Amino acid sequence: MTDSGVRPYAGRRVLLGVSGGIASYKSAWLARLLMKAGAEVDVVLTRAATEFVGAITFEALTGRPVHTGLFDPGHALDHIKLAKAADAIVIAPATADLMARAATGQADDLLTAALLAAEAPVLLVPAMNDRMWAHAQTQANAEHLRTLGYTLLSPDDGMLAVGEGSGPGRMPEPETIFAHVGRLLEREGSLKGRNVLVTAGPTREPLDPVRFLSNYSSGKMGTAIAAAAWRRGADVTLVHGPLSIPLPVGVRHVPVQSTTEMRDAVAERIGSADAVVMSAAPADYQPATRAPGKLKKTGGDRTLELQETPDILVSTRDARKPGAVIVGFALETDDLLANARRKLEGKGLDMVVLNAANEPGAGFGVDTNRVTIVRRGSEPEQLPLMDKRKVAEEILDRMEALIGGR
Ligand code: CTP
């Protein structure tokens with residue numbers, strides 16, 4: 001399945017400004033990510049940027065002409081047209097020079113002129129040598145740009161250009177910038193001011209120092225929900241078991257191992273959550289004892305004694321914030337709807353996201369899911385097979401409607 005059509009990028013127009021820094025090689029990948037998510041990308045290169053990357057690279061990636069000159073014949077009003085058309089503007093990398101010019105309202109090239117003409121939200125991604133970043137002038141420019149309403153990312157601390165060692169000044173990775181552009185595109189921030197608690201992934205129940213019981217959960221559904229809630233402006237905490245996928249940007253991460261640890265981490269935060277989405281697949285059983293040393297082969301079979309772990313959702317019932325919306329999942333192989341309804345009542349939920357464990361393209365590990373939304377007082381709603389990121393948006397739309405109704 002392709003990425004096309006992912007909210008909030010699909011059909012939105014992003015102006016990608018690239019100024020002349022070595023990090024501009026990463027901006028080609030950012031353009032690619034935006035395109036893959038369904039955005040239309042207009043690239044503006046400063047003259048200095050063309051010393052580092054070629055217009056043809058961006059043209060091939062975006063399928064659109066790349067803009068450079070303010071005074072190119074036939075393009076006299078490009079800065080106005082581009083600024084007007086943009087739903088969001090991102091300048092990556094934003095060099096010290098670009099920041100200085102933007103901070104003082106200069107309009108001596110196409111990019112700075114477009115910035116002045118823009119009404120769309122602007123994200124600046126500074127990247128430069130660490131001493132240039134630390135300079136009081138650059139810091140003052142950064143501060144002033146923030147007061148003008150621009151969003152600025154902090155540079156990463158890491159390897160700079162060759163021979164310059166490492167320090168703060170490195171451009172954040174394209175995936176991080178891409179996520180921030182998403183938050184910019186969700187300008188209304190439909191979950192702004194809301195605390196959202198999400199759980200994701202499996203838990204592990206240790207048997208001895210080298211073995212554990214767990215399940216196939218990848219955490220893809222839960223991390224997609226956390227990422228989407230953050231883009232919509234929420235303050236998101238993600239309590240997650242061991243994951244081997246990238247963690248979402250902007251979200252507070254609380255890593256745990258066992259179901260009991262996950263319960264404790266949730267208990268600490270449940271009282272302030274306006275919405276809770278329990279998409280984790282906590283292990284339901286733990287070994288009755290944990291061997292202090294590695295269990296050795298004995299030449300025969302071994303029987304494991306298992307104890308039930310705590311049910312996290314049930315354990316939160318009396319601690320929930322009044323009016324909080326609680327969403328649970330149900331992973332079933334038989335009697336799907338009846339089991340989902342039982343969980344809705346038994347765990348005190350507002351909504352159950354039901355998926356069939358044995359259906360191709362749905363459930364654990366894969367990038368897609370086919371879910372049925374079960375709520376009190378309405379017919380179950382079956383959604384088609386779709387990318388988990390789209391499923392996340394569908395879940396959040398319904399969750400928001402419930403929040404709005406309280
Ligand atoms: N859940 C939980 N605590 C557990 C197990 C599950 O809070 N110890 C949550 C899951 O995160 C999910 C919901 O309960 O939101 C249903 O999980 P599921 O695995 O479908 O059901 P179980 O409660 O484990 O019941 P069963 O195994 O009998 O289907």
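All ligand and atom numbering here is 1-based and tracks the order in the structure. Just so you know, these numbers come straight off a predicted model, no measurement behind them.
- Residues passing the side-chain hydrogen bond (donor to acceptor under 3.5 Å, both in side chains) test with Arg317, sequence neighbours excluded: none.
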Kindly print each ligand 1 N/O atom paired with any protein N/O atom under 3.5 angstrom away, one pair per line, or none if nothing qualifies.
from	atom 1	to	atom 2	distance (Å)
ligand 1	3 (N)	Ile312	N	2.9
ligand 1	7 (O)	Ile312	N	3.3
ligand 1	7 (O)	Leu313	N	2.9
ligand 1	8 (N)	Pro310	O	3.0
ligand 1	11 (O)	Met278	O	3.2
ligand 1	11 (O)	Ala280	O	2.8
ligand 1	14 (O)	Lys347	NZ	2.8
ligand 1	15 (O)	Met278	O	2.7
ligand 1	15 (O)	Phe329	N	2.8
ligand 1	15 (O)	Phe329	O	3.4
ligand 1	20 (O)	Leu331	N	3.0
ligand 1	20 (O)	Lys343	NZ	2.8
ligand 1	21 (O)	Lys343	NZ	2.9
ligand 1	23 (O)	Lys347	NZ	2.5
ligand 1	24 (O)	Asp284	OD1	3.1
ligand 1	24 (O)	Asp284	OD2	2.9
ligand 1	27 (O)	Asp284	OD2	3.1
ligand 1	29 (O)	Lys343	NZ	2.8

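- Taking the charged nitrogens against the carboxylate oxygens, Arg211 and Asp208 do have a contact shorter than 4.0 Å, which makes a salt bridge.
- The list of ring-ring contact (aromatic ring centres under 6.0 Å, His included) pairs with a residue in residues 192-234, not counting sequence neighbours, reads His180-Trp230.
- Ring-plane geometry between His253 and His240 is classed as perpendicular, the angle between the planes exceeding 60 degrees on a 0 to 90 degree scale with a lower cut at 30.
- With hydrogens and angles left out, the side-chain atoms of Asn355 and Glu359 include no donor and acceptor closer than 3.5 Å.
- Residue pairs meeting the side chain to side chain donor-acceptor pair (under 3.5 Å) criterion with at least one partner in residues 299-312, sequence neighbours excluded, are Gln286-Gln307, Asp311-Lys347.
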